[in-house]
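In what follows, every chain begins at residue 1, and chains take the letters A, B, ... in the order their sequences are listed.
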Number of protein chains: 2
Amino acid sequence: MSKVVAIDVTDIRFPTSADLDGSDAMNPDPDYSAAYLRVDTDAQDEHAGFGFVFTIGRGNDVQAAAVRSLAEQLVGREVEPMLADLGGMWRELVYDSQWRWLGPEKGVSHMAVGAVVNALWDLRAKREGVPLWQLLARLSPAEIVDLVDFRYLTDALTRDEALELLTAAEPGRAEREATLFAEGYPAYTTTPGWLGYSDEKLARLCKEAVADGYHQIKLKVGADLEDDKRRLRIARDAVGPDVKIAIDANQRWDTAEAIEWVNALAEFDLAWIEEPTNPDDVLAHAAIARGVDPVPVATGEHAANRVMFKQLLQAGGAQVVQIDATRVAGVNENLAILLLAAKFGVRVCPHAGGVGLCEVVQHLSMFDAVALSGTTEDRMIEYVDHLHEHFLEPVVIENARYRAPQRPGSGAEMHAASVQEFTWTPAG
Amino acid sequence: MSKVVAIDVTDIRFPTSADLDGSDAMNPDPDYSAAYLRVDTDAQDEHAGFGFVFTIGRGNDVQAAAVRSLAEQLVGREVEPMLADLGGMWRELVYDSQWRWLGPEKGVSHMAVGAVVNALWDLRAKREGVPLWQLLARLSPAEIVDLVDFRYLTDALTRDEALELLTAAEPGRAEREATLFAEGYPAYTTTPGWLGYSDEKLARLCKEAVADGYHQIKLKVGADLEDDKRRLRIARDAVGPDVKIAIDANQRWDTAEAIEWVNALAEFDLAWIEEPTNPDDVLAHAAIARGVDPVPVATGEHAANRVMFKQLLQAGGAQVVQIDATRVAGVNENLAILLLAAKFGVRVCPHAGGVGLCEVVQHLSMFDAVALSGTTEDRMIEYVDHLHEHFLEPVVIENARYRAPQRPGSGAEMHAASVQEFTWTPAG
């Protein structure tokens, strides 16, 4: 038996706003940040567990305070029982009645649960000597459903239905794992499309994306319709007719405006419209999906929890489900969301970028490809080319596909030197 | 001109779990708490502005950190321009793109905005020498709509429609204000109904409620159906056929269970079923409302923002709207919710109790009675009889009605001695 002997939480901020990387219609000047958690034990193996919450600057101190407040409860606890029952651990943290009041199950407090849960998963995968995706994809269907809490989901997905989906995908796991190692998982790139970039930079980056083998790129839209048309024309000219172009409004519109705006851009053959309006607005997403059909609506990076995803699927508000590694309460809740998407037959194309989101979320998509949906068809993980160098195992893109990570763990661990260099301290 | 010269945030916790006051199916042992903000200026008048977020214990430190992080941005700013444009101030705080990422517009970060906004309202009302409800109810319709942000609302309520509602209610304001001073605003009581109380205590408190003149009481339910039946029988016997009994499940059920459970209790003539399921689940609330009709569904104390309220109203998921003084981003967002409720013709019966929720939320209902819905019919504010003594102007209930507060301000200010006595410090 080993015990948690220490936790350490760091407020890490990268000064990305200086370059307008990550600029969009709602987020003009993000400073990509992470509230970063390290969990140490007294085991001889010297493995530590890492988890984090991605934020975009101001407030990362508050997120760090939340992670710290919650993670401190782990100190002194025996590790093995926690790692052996991460489903129970999830319930314990999410349904702590006093803590839950702060959300419930949303925002700062819920993301803090995610960081703690993910750090425990990181530790477990390291102890088992496998990357997280492989650990998950080798669990039995019964073990997987034990990780998921079906409270508030049963009107759309029961435990038995989830078990059925996982059991149906059991044959072929080994072959799909081998294929994943050989071929990787498809990616699309957002690198060309930030709002702050000049037309020349946009055209150049679009051409580079095609040269790099991407089959889809994504452009930020929503600040000005004529600008959007011009930029989409530049992009379409640069990539040609066979590469897909998705657009992302980052919550900019109300329902009527969204429908009008997207339809005005439909001539550019859109792969999807992402986050057309407020992420809490299930009914608006459904209305927009009807109004812009056949352009699919994609959303999820700001969907607060599994209950929001459930409703988006029930109402037809999401034709593309975009999970995020750190928005919900960690691996377990993302498993619930993957199961919901599978039940509704909707494809999952994760949100990534930021700090470490690519590194962590790829594990969930790869689990899904091996052990749940069993396919990578029409699915892809977002890819943005920055800040990867700070991670112990940066994602590797080959032929526009994520290479399957092989290092034991969840992908969340950063270089100590990076943590030190970008630790934020208040001015003055 | 004056400037903000200091802010002070206190983590206040009352050890309420010792008495099982406040115990329900989801919250067995709350320690009623407040992240309490004081804003000081260099004006000669010596008025300070107070706001707070109510929580139930663990995590109040995180909520306090969020309020502090946000409020510190006010230090050094000129006061008068902020107070003269509290609509603009609301937008500035809510749409700060970096801060917004932490929600968006929900949970810890959004409630922190509420504390700051409410402290500014408290300061403004003190400077104008009137209680907040009267300040609001004497603004022109145009001034009121300027306080509200209609982004994400226009598919249900436009600025023009809001203006129309307020203008239609302008005649008679003075008479309704006089009536309110004379008669107060109706209350109902939750004091008898906490799950942790014995049957004897329940019966005694029910009889006391009737003797005190209440026309409605509320019981917590959802832990055990047979217990609920027994407790409802005791309550109904104690209050007789003419007093209404509402029940509150505090998010305990999934959809099917909610419908079955409530229908099994329908014989007790229920005034409403409150929070039958997860507060984010608009579609489930709507399904439950259809399934338990004619029992009305009441919800809102955990609805994260105006977008959630809008959907609950659009989907028919709430026949009773329960605003909360500190769950959303302050007075301005609650004005938006009151306008939405008025548009849909749904009655508002605020959630209260906790720490200071009665003291603050009464101002919103009284504004509504004078200047928006223009009525108190079938409306009432929750009342729970504890912790009021800590406030400078504790609510006064006479004949089961809230007496209209007269002290300038929002009702949020606590006695310095109480703040000092119940300031929480971490154990060890």
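Of the N and O atoms on the side chains of A:His351 and A:Gln322, not one donor lies less than 3.5 Å from an acceptor on the other residue. Side-chain N/O atoms of A:Tyr152 and A:Asn305 include no donor and acceptor closer than 3.5 Å. Under 3.5 Å, the side chains of A:Tyr95 and A:Asp149 contain a donor-acceptor pair of N or O atoms.
Of the atoms belonging to B:Ala304, it is side-chain heavy atoms, and not backbone ones, that fall under 4.5 Å from chain A. Neither the backbone nor the side chain of B:Glu72 has a heavy atom closer than 4.5 Å to any heavy atom of chain A. For A:Leu70, no part sits under 4.5 Å from any heavy atom of chain B, backbone or side chain. Interface residue B:Val307: only side-chain heavy atoms are found under 4.5 Å from chain A. Using a 4.5 Å cut-off between heavy atoms, B:Ala256 makes no contact with chain A at all. The contact between A:Asp61 and chain B is made entirely by side chain atoms (from C-beta outward), counting heavy-atom distances below 4.5 Å. Contacts of B:Pro104 with chain A are made by both backbone and side-chain atoms, with heavy-atom separations under 4.5 Å. Proximity to chain B (any heavy atom under 4.5 Å) is shown, for A:Arg68, by neither the backbone nor the side chain. Residue A:Gln251 touches chain B through both its backbone and its side chain, counting heavy-atom pairs closer than 4.5 Å. Residue contact with chain B, scored on non-hydrogen atoms closer than 4.5 Å, involves the side chain of A:Asp96 exclusively. With a 4.5 Å cut-off on non-hydrogen atoms, A:Thr255 touches chain B through its side chain but not through its backbone. With a 4.5 angstrom heavy-atom cutoff, A:Phe150 touches chain B only via backbone atoms. Interface remark: B:Gln63 contributes side-chain atoms only to the contact with chain A (heavy atom separation under 4.5 Å). Neither the backbone nor the side chain of B:Arg306 comes within less than 4.5 Å of any heavy atom of chain A.
Counting heavy atoms from C-beta on, the side chains of A:Leu102 and A:Val108 never come closer than 4.5 Å. You'll find the side chain of A:Thr16 reaches within 4.5 Å of the side chain of A:Leu387, heavy atoms only.
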Exercise for the section: Step by step, work out the side chain to side chain contact (heavy atoms under 4.5 Å, CB included) result for A:Val117 and A:Leu93. Expected result: CA-CA 9 Å; A:Val117 165; A:Leu93 292 168; 4.0 Å; yes

Problem - Trace of the salt bridge (Lys or Arg N to Asp or Glu O under 4.0 Å) decision for B:Asp248 with B:Lys220 - result: CA-CA 5 Å; B:Asp248 184 353; B:Lys220 301 292 182 175; 2.8 Å; yes

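Between A:Phe14 and A:Tyr32, the distance separating the two ring centers is not shorter than 6.0 angstrom.
Heavy-atom pairs under 4.5 Å with chain A peak, among B:Asp155, B:Asp280, B:Asn278, at B:Asn278. Ranked by heavy-atom pairs shorter than 4.5 Å toward chain A, the options B:Val282, B:Asp281, B:Val62 are led by B:Asp281. For the options A:Leu283, A:Thr154, A:Ile56, heavy-atom pairs under 4.5 Å to chain B are most numerous at A:Ile56. Contact count versus chain A (heavy atoms, under 4.5 Å) is highest, among B:Arg100, B:Gln314, B:Met111, B:Glu105, for B:Arg100. With respect to chain B, the highest number of heavy-atom pairs below 4.5 Å among A:Ser97, A:Pro279, A:Gly103, A:Gly107 belongs to A:Ser97. When each of B:Val53, B:Asn60, B:Leu153, B:Thr55 is checked for heavy-atom pairs under 4.5 Å with chain A, B:Thr55 comes out on top.
Salt bridge status for B:Glu333 with B:Lys106: absent, with no side-chain N to carboxylate O gap under 4.0 Å.
When every heavy atom of B:Trp99 is checked against every heavy atom of B:Ser69, the shortest pair comes out as CZ3-OG, 3.9 Å. A pairwise comparison of heavy atoms in A:Ala115 and A:Leu37 identifies O-CD2, 3.8 Å as the closest pair.
No cation-pi contact links A:Arg327 to A:Phe54, judged by a cut-off of 6.0 Å to the six-membered ring centre and 45° from its axis.
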